[in-house]
Amino acid sequence: MSKFLLELDKVSKRFAGTVAVDDVSLSVSEGEFVTFLGPSGSGKTTTLMMIAGFLKLSSGRIMLAGKPLDPLPPYNRNIGMVFQHYALFPHMTVEKNIAFPLEMRKTARDDVKKRVADVLQLVGLPQHGARYPKQLSGGQQQRVALARAMVFQPRILLMDEPLGALDKKLREQMQIEIMRLHRDLGITILYVTHDQEEALVMSERIAVFNDGGLEQVDSPNELYENPRSRFVADFVGETNFLEGRVVSLDAGVAAIEGGGVFAGRAGDDLAAGAQATVAIRPERLQVCRKGETPVQGHSSVDGAVSDIVYLGRSRKYIARLDSGEELVALVQANVRGLDEIEIGSRVTFSWHPNDAKVLGEKSDGKS
Ligand code: ATP
């Protein structure tokens, strides 16, 4: 018996002329919350649809609890699904909508009643059973869709951009509710989004899709701190990049020479002399005014401020470096002395090597 609930083994999907999903392998444990994150057209929905059984694989296989899923039609897979557009039946009441999957499965009438009431309670709509979908707000409709997907206690819940149609505030509230349901019920969730913040907030692991393939699968923290490719560093959070050639590799620290000599934690595929990129998060940069010296051991670059963006609690300083590149630093607003910096001011941005990551040429991503 496999220790994983769901296994995708070299799964591909080709449509005429397009490879939508390219050799994707992924194992998901029981109770995990895994998010598919990637730009539009990167293969997230197609992968989900193959798991749900709405699309046939071109090659590879999918196993649920150690058994091949491929021979099973969607309604026998024990998988619940929630879409961006609620897909509720408009002519049925909320109760009837939620009861539908149970009736399809010929559940006893008393049991249906009880389960519908329980799940309505769970999604916070105990009083809304008799309403029709059009009498509900967008957020409430999505809760009903969630209730309908959960009522038959599926082993896996697939959610495709479920909050995409909601405004920001409601989205954040629903994110917390879905996380709570996941925690309380221990249900396995596969969640699709192209919103990296949503993925970072909600997931235990994130599978980053790029051009049909999986770029990296890791915890939010690991993805953010240790992106394995430029694509991931760029897509998950904001990142600055500086290009150069590797001049030294020592004890996990790489130095590259470009518009200066810059150090960072060495990625896997670096070789002395090869082209490489240093990736540095804006919040890891320190800003020194003219005449101030960066901390000893820091790498640094000089430039002139081209823009200042006020964000309330923090500020963004954008500098045009003497080498011509642009770098963004994010600084807490209470850091002293920053008021004196204005557009045109000379500045030095510096960072500790541990706060940057050096990525090799092969980690450029596919696109
Ligand atoms: P989005 O976030 O926009 O939904 P996605 O990552 O979910 O994007 P998919 O919908 O899986 O991406 O699409 C992956 C690729 O497959 C795209 O290039 C898309 O045009 C193509 N594709 C999807 N469905 C079909 C189809 N039925 N016929 C032909 N090509 C398709």
Side-chain angles (χ1 to χ4, degrees), residues 6-28 32-62 69-70 73-74 77 79-87 138 141-142 145-146 149 156-168 170-172 174-175 178 188-203 205-218 220 223 227-237 364-367:
L6 182 77
E7 287 162 282
L8 276 68
D9 181 18
K10 297 186 166 45
V11 170
S12 295
K13 178 69 187 175
R14 290 176 285 276
F15 297 107
T18 322
V19 182
V21 175
D22 189 11
D23 210 24
V24 163
S25 294
L26 176 73
S27 301
V28 177
E32 245 195 313
F33 193 128
V34 177
T35 295
F36 294 177
L37 174 71
S40 185
S42 57
K44 310 179 296 292
T45 296
T46 305
T47 305
L48 213 63
M49 289 298 169
M50 287 191 281
I51 298 169
F54 297 123
L55 280 176
K56 266 195 163 335
L57 285 63
S58 301
S59 58
R61 56 181 196 158
I62 303 180
L69 261 186
D70 312 16
R77 292 190 174 199
I79 290 177
M81 184 113 200
V82 183
F83 302 93
Q84 175 172 354
H85 298 289
Y86 328 119
Q141 289 187 50
Q142 198 52 308
L146 192 59
I156 304 184
L157 197 54
L158 307 181
M159 308 180 93
D160 193 354
E161 303 259 3
L163 311 181
L166 307 179
D167 66 44
K168 189 170 183 312
L170 193 53
R171 210 162 63 218
E172 286 172 359
M174 291 286 290
Q175 284 171 0
I178 292 170
T188 309
I189 296 185
L190 291 186
Y191 191 98
V192 166
T193 184
H194 60 257
D195 178 341
Q196 46 106 6
E197 262 178 50
E198 185 163 287
L200 288 173
V201 168
M202 299 185 77
S203 328
R205 279 194 305 154
I206 301 175
V208 182
F209 278 74
N210 178 22
D211 203 13
L214 276 186
E215 193 76 24
Q216 186 169 351
V217 185
D218 262 317
L223 270 188
R228 281 212 293 271
S229 65
R230 183 169 173 148
F231 176 85
V232 173
D234 205 20
F235 196 75
V236 181
D364 269 356
K366 288 187 173 181
S367 55

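Ligands are counted one by one from 1 in listed order, and the atoms in each one are counted from 1 as well. Quantities reported herein were computed from a predicted structural model and do not represent experimental measurements.
Residue pairs meeting the side chain to side chain donor-acceptor pair (under 3.5 Å) criterion with at least one partner in residues 41-61, sequence neighbours excluded, are T45-D160.
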Once you restrict both partners to nitrogen or oxygen, which atoms of ligand 1 have a protein partner under 3.5 Å, and how far apart are they?
residue  : atom   : partner : partner atom : Å
ligand 1 : 2 (O)  : K44     : NZ           : 2.9
ligand 1 : 3 (O)  : S40     : OG           : 2.6
ligand 1 : 6 (O)  : S42     : N            : 3.0
ligand 1 : 6 (O)  : S42     : OG           : 3.3
ligand 1 : 6 (O)  : G43     : N            : 3.0
ligand 1 : 6 (O)  : K44     : N            : 3.1
ligand 1 : 6 (O)  : K44     : NZ           : 2.9
ligand 1 : 7 (O)  : T45     : N            : 2.8
ligand 1 : 7 (O)  : T45     : OG1          : 2.8
ligand 1 : 8 (O)  : G41     : N            : 2.7
ligand 1 : 11 (O) : T46     : N            : 2.9
ligand 1 : 11 (O) : T46     : OG1          : 2.5
ligand 1 : 12 (O) : G43     : N            : 3.3

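From I51, atom CD1 reaches atom CG of L69 across 8.5 Å, with rounding to the nearest 0.5 Å.
Across all non-hydrogen atoms, the minimal contact from V232 to V208 is CG2-CG1, 4.2 Å.
The side chain to side chain donor-acceptor pair (under 3.5 Å) search around E172 returns K168, not counting sequence neighbours. The salt bridge (charged side-chain N to carboxylate O under 4.0 Å, His left out) test applied to D195 returns R171, not counting sequence neighbours.
Salt bridge annotation for D218-R228: present, with a cationic side-chain nitrogen under 4.0 angstrom from a carboxylate oxygen.
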